[in-house]
Amino acid sequence: MRRPRLRRSRRRRLRPWKRHRNHARRLEPVDPPVGILRRMNAVQDPVARVEAAVTVAVQTVGGDAASGINAALKPSAKPEFGDFQLNAAMALGKKLGRAPRDVAAELVDALMAAEHGLEDVIETPEIAGPGFLNIRLRPTALATALAGMDDDRLGIEPEPETHGVTIDVCGVNVAKQMHVGHLRSTVIGDTVARLFERVGRTVHRQNHLGDWGLPIAMTLHSLLARGIDFEALDLDTLNVAYRDAQLEARGDARGLDAAVANRCGPHRIAELEAQNESAGAAQAAARDALVRLQSGDEEMVAAWRRLIEVTMIEVYRACDLLGTRIAPDSERGESSFRDELAEVVDAFVRSELAVEDDGALVVRFDDRERPMLIRKRDGGFLYATTDLAALRYRVQELDSDEVIYVVDARQRDHFRDVFDACRKIGWATLPDGVESKLVHLGFGTVLGADKKPLKTRSGANFKLMDLLQAAVDRGVEAVTSRAEDPKAPTHGLPTAELEAIGRAVGIAAIKYADLSGDSARDYVFDLDRMIAFEGDTGPYLQYAHARLCSMLEKAGDDASADADFKIETPEERRLALLLLRYPETMKTAAASLEASRLCRFLYSVATEFSSFYSACPVLRAEDASIRAARIRLVRLTRDVLRDGLDTLGIGAPERM
RNA sequence: GCGCGCGUAGCUCAAUUGGAUAGAGCAUCGGCCUUCGAAGCCGAGGGUUGGGGGUUCGAGUCCCUCCGCGCGUGCCA
């Protein structure tokens, strides 16, 4: 059970380059086989041909000094600097002790050597500033490159990796409503899963339900004691029972100590004593209930199953509305590891990683004072114990070379402990020797306008469904009122259809706002801004997509023709160069677990398309070949936007 | 106390991991709809990147130091 624990907090961020260093490294073409593959690919793809030639040229000019030099082609900072830039000359110059501009000149010669055959692909690079190489693709090469990615996969080749990836998502607790704290785990977790799926990985979403232990037993006891009808049970009743059970069992030992110390009156002390006594009684009853549940008591087990069922109906209502692929096959709650906990502890004791301390069993680490507790003095297990069992299952049984926990950033220390312990005992190593990567993708808190964790006016947590409903209402309202305009493409659509579009718009607003920033940071939940439809929002992307669809619909059969691309105007060029970066953007976003990269990319596509749209007539283009070429560019843009939004888990209506 | 993290335009965020004049959106101001969807486009103003020092051809980014803020920190999850 992962309590989101919404407490006061403001800003928290891990530096991406620290957090994801391992991911970034994985992308670099360090192995010779990858280099060869790239060069084979290069036959078709002009950009890949240039990249391959650059690698060779840097080797040729740098010799031994070339190792460790970044020979990657980067998109130019500005259009004046060409399409791509190579910054290797400066670093190489430093290493060789030579003037960077001289090195740059040699790089140009090596790059344009006849053996690479690049004369038809790029113009002769220009040397700028301290030694930047500015590279410009010839228009025909650009057209060839675009055609190369215009297929079902949009240029994204599936990764050959056969191990799976496991992603811990959602983190719901049985008998409790989903609230804001679950939004991010669900949205970010599902999108990261989609990113991996999009690049061809096998993904296991795991919903680690808090469905076991004393809190659940307390709730069951409370419900049964009150003779609640389990058939008619709903989540609200359940929620109240959960809260009451917690309060009942809590007591106030600290208050009592304080009262005695402060010489409070006998009446106050007696009151607190009574409260503690009843708390003790409630705890004893809960323990008794837990024992019955653990021993398989029929009534208790049936009630427990019903508890989960009632909770999950609501969970899937939210997950479905959010458009996630989180379903019952993702469920693997704490209860499913209950029989492994003693053995997990034994394993740590046997390997002498766990030692007794003040009656408890702890695992110690060399580099930190705080130990990790895996068994309480009273013999009970802790969440770390369950997490260790679950982690072993995820690596070993689900065969994962990467396990990602999408959980509140404040649990960072906890996961560091669990991961290190898991590695120490050897459970992070797969049978084939591959070391599984264990990652905590910690996210920041959702704040209210007052910069404090988002709460209702009465101080309670916002129910997730209420939040979503508010966004959906706004979306439906906006779409409906716009459809009243006789000129609007949505004018006259049936109400049900307008509502479906409005729902997609409202949900897009919330999801995009959650995904488009650095996930580790807190953000302010401001529905007005999210749904403003202006600027960097989900609805803006949907709008661009709807316009593209609208043009293609008007183009009729011409939309499906594969005319040759013709890239001539600056707007066409900027859009084309951007689209070419789609495959790489997707791979980087997946490897770095940063959906925000894909968001930023899609936003650029939408704005570049808008500029192209106002500058370049498409359907009304006078020249037939230009018209056909632009229609195909529009189609490719639409496909990328649709595919990208789908990967984010955001719906893309054809009209809005 | 110790540990982890954060500080960029009035506000919300970027900056491709050390590259060119720190970029977007919102807000403000000025242009653009009888013509492919104006939920849009084009343009303007707005910055001592918390302060100081260092490393080098080059620092928002790396190192040191100070200031401010947040989170975590042994028997809850």
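In the text below, chain A, chain B and the rest are named by the order of the sequence lines, each starting its count at 1.
Rounded to whole Å, atom P of B:A39 lies 11 Å from atom OH of A:Tyr613. The CZ atom of A:Phe533 sits 19 Å away from the P atom of B:G25 (whole-angstrom rounding). Residue A:Arg101 contributes atom CZ, which lies 16 Å from atom P of B:A20 at whole-angstrom precision. Atoms CG (A:Asp536) and C1' (B:A39) sit 14 Å apart, rounded to a whole Å. Rounded to whole Å, the distance from NZ on A:Lys78 to C1' on B:A24 is 14 Å. B:U12 atom C1' lies 10 Å from atom CZ of A:Arg521, rounded to whole Å. Atom NZ in A:Lys452 sits roughly 14 Å away from atom C1' in B:C69 (whole-Å rounding). One interatomic measurement links the two molecules: CZ of A:Phe132 to P of B:A20, which rounds to 6 Å at whole-angstrom precision.
For A:Asp357 and B:G74, a side-chain-to-base donor-acceptor distance below 3.5 Å is present, hydrogens and geometry of angles not being considered. At a cut-off of 3.5 angstrom, the base of B:C75 holds at least one donor-acceptor pair with the side chain of A:Asp358. Looking at A:Arg482, its side chain comes within 3.5 Å of the base of B:A39 through a donor and an acceptor atom. For B:G40, its base never sits under 3.5 Å from the side chain of A:Ser614 at any donor and acceptor pair. At a cut-off of 3.5 angstrom, counting only N and O atoms as typed in the model, there is no donor on one side facing an acceptor on the other between the side-chain of A:Gln542 and the base of B:A39.
The main-chain N or O of A:Pro653 is found under 3.5 Å from a side-chain atom of A:His545 such that the two form a donor-acceptor pair. Under a 3.5 Å cut-off, the side chain of A:Arg332 and the backbone N or O of A:Leu209 do not form any donor-acceptor pair. Checking side-chain atoms of A:His491 against main-chain N and O of A:Ala488 turns up no donor-acceptor pair under 3.5 Å.
Contacts of A:Arg655 with the nucleic acid, taken as non-hydrogen atoms under 4.0 Å apart, include base atoms. When heavy atoms are screened at a 4.0 angstrom cut-off, A:Met656 is found touching base atoms of the nucleic acid. At a threshold of 4.0 angstrom between heavy atoms, the contacts of A:Glu369 with the nucleic acid are absent. As judged by a 4.0 angstrom heavy-atom cut-off over every strand, A:Arg630 is placed among residues making no nucleic acid contact. Using a 4.0 Å heavy-atom distance criterion, A:Val524 is classed as making no nucleic acid contact. Among the heavy atoms of the strands lying under 4.0 Å from A:Ala546 is at least one base atom, whether or not backbone atoms are also near. Among the atoms of the strands shown, none is found under 4.0 Å from any heavy atom of A:Asp526. Residue-level contact check: A:Ala615 touches neither bases nor backbone, having no heavy atom under 4.0 Å from any strand. Among the atoms of the strands shown, none is found under 4.0 Å from any heavy atom of A:Cys599. Among the heavy atoms of the strands lying under 4.0 Å from A:Arg620 is at least one base atom, whether or not backbone atoms are also near. Among the heavy atoms of the strands, none lies under 4.0 Å from A:Lys487. At a threshold of 4.0 angstrom between heavy atoms, the contacts of A:Asn134 include nucleobase atoms, whether or not backbone atoms are also involved. Counting any heavy atom pair closer than 4.0 Å across all strands shown, A:Leu382 reaches sugar-phosphate atoms only and no base atom. A:Glu553 comes within contact range of no nucleotide atom at all, as no heavy-atom separation falls under 4.0 Å.
Taking atom P on both nucleotides, B:C63 is separated from B:G18 by 10 Å, rounded to a whole Å. Going from the C1' atom of B:G46 to that of B:C2 covers 42 Å, rounded to whole Å. Here, B:G19 and B:A59 have their P atoms 11 Å apart, quoted to the whole Å. Here, B:U12 and B:U55 have their P atoms 35 Å apart, quoted to the whole Å. Between the P atoms of B:U49 and B:A20, the separation comes to 15 Å (whole Å). With both ends at atom C1', the span from B:G23 to B:G60 equals 12 Å, rounded to whole Å. Remark: the separation of the P atoms in B:A9 and B:G47 is 10 Å, to the nearest Å. Spacing of C1' atoms, B:C69 relative to B:G25, comes out at 26 Å, to the nearest Å.
For A:Tyr603, taking side-chain heavy atoms from C-beta onward, the closest of the listed nucleotides B:A24, B:U12, B:U73 is B:A24. You'll find that the side chain of A:Asp413 is closest to B:G72, out of B:A39, B:G72, B:C76. Listed nucleotides: B:G74, B:C41, B:A14. Nearest to the side chain of A:Ala360: B:G74. You'll find that the side chain of A:Pro130 is closest to B:G19, out of B:G19, B:A38, B:U12. Nearest nucleotide to the side chain of A:Thr607, out of B:C41, B:U17, B:A39: B:C41. The side chain of A:Glu534 lies closest to B:C26, out of B:U16, B:G19, B:C26. You'll find that the side chain of A:Arg370 is closest to B:U73, out of B:A38, B:G19, B:U73. Between B:U12, B:C75, B:U17, one nucleotide has an atom nearer to the side chain of A:Arg597 than all others, and that is B:U17. Nearest nucleotide to the A:Tyr540 side chain, out of B:C75, B:U21, B:G40: B:G40. Taking only side-chain atoms of A:Pro371, from C-beta outward, the nucleotide of B:G37, B:U16, B:G74 with the closest atom is B:G74.
Counting heavy atoms from C-beta on, the side chains of A:Met530 and A:Phe525 come closer than 4.5 Å.
Every residue two or more places apart in sequence or in another chain that forms a side-chain contact (heavy atoms from CB on, under 4.5 Å) with A:Ala621 is listed here: A:Ile626, A:Arg627, A:Arg630.
Both tests pass for A:Arg368 against the ring of A:Phe365: distance under 6.0 Å to the centre and angle within 45° of the axis. Cation-pi geometry between A:Arg547 and A:Tyr613 is satisfied (NZ or CZ under 6.0 Å from the ring centre, within 45° of the ring normal).
Side-chain atoms of A:Asn461 and A:Lys455 form a donor-acceptor pair, as typed in the model, at a separation below 3.5 Å.
Both A:Leu548 and A:Arg416 sit near RNA chain B, but only A:Arg416 has its closest nucleotide nearer the 5' end.
Taking the ring centroids of A:Tyr543 and A:Phe533, they lie at or beyond the 6.0 Å cut-off.
Side-chain N/O atoms of A:Arg600 include one lying less than 4.0 angstrom from OP1 or OP2 on B:A15. Between A:Ser550 and B:G37 there is a side-chain N or O to OP1 or OP2 distance below 4.0 Å. For B:C76, the OP1/OP2 oxygens have a side-chain nitrogen or oxygen of A:Lys376 closer than 4.0 Å. Between B:G37 and A:Lys554, a contact under 4.0 Å exists linking OP1 or OP2 to a side-chain N or O.
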| task | Please assess A:Lys74 against A:Ile135 for the test side-chain contact (heavy atoms from CB on, under 4.5 Å), listing each intermediate value before the final yes or no. | result | CA-CA 10 Å; A:Lys74 285 176 54 173; A:Ile135 296 170; over 6 Å; no
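B:A20 has A:Phe81 stacked on its base ring, the centres lying under 5.5 angstrom apart and the planes within 30 degrees of parallel.
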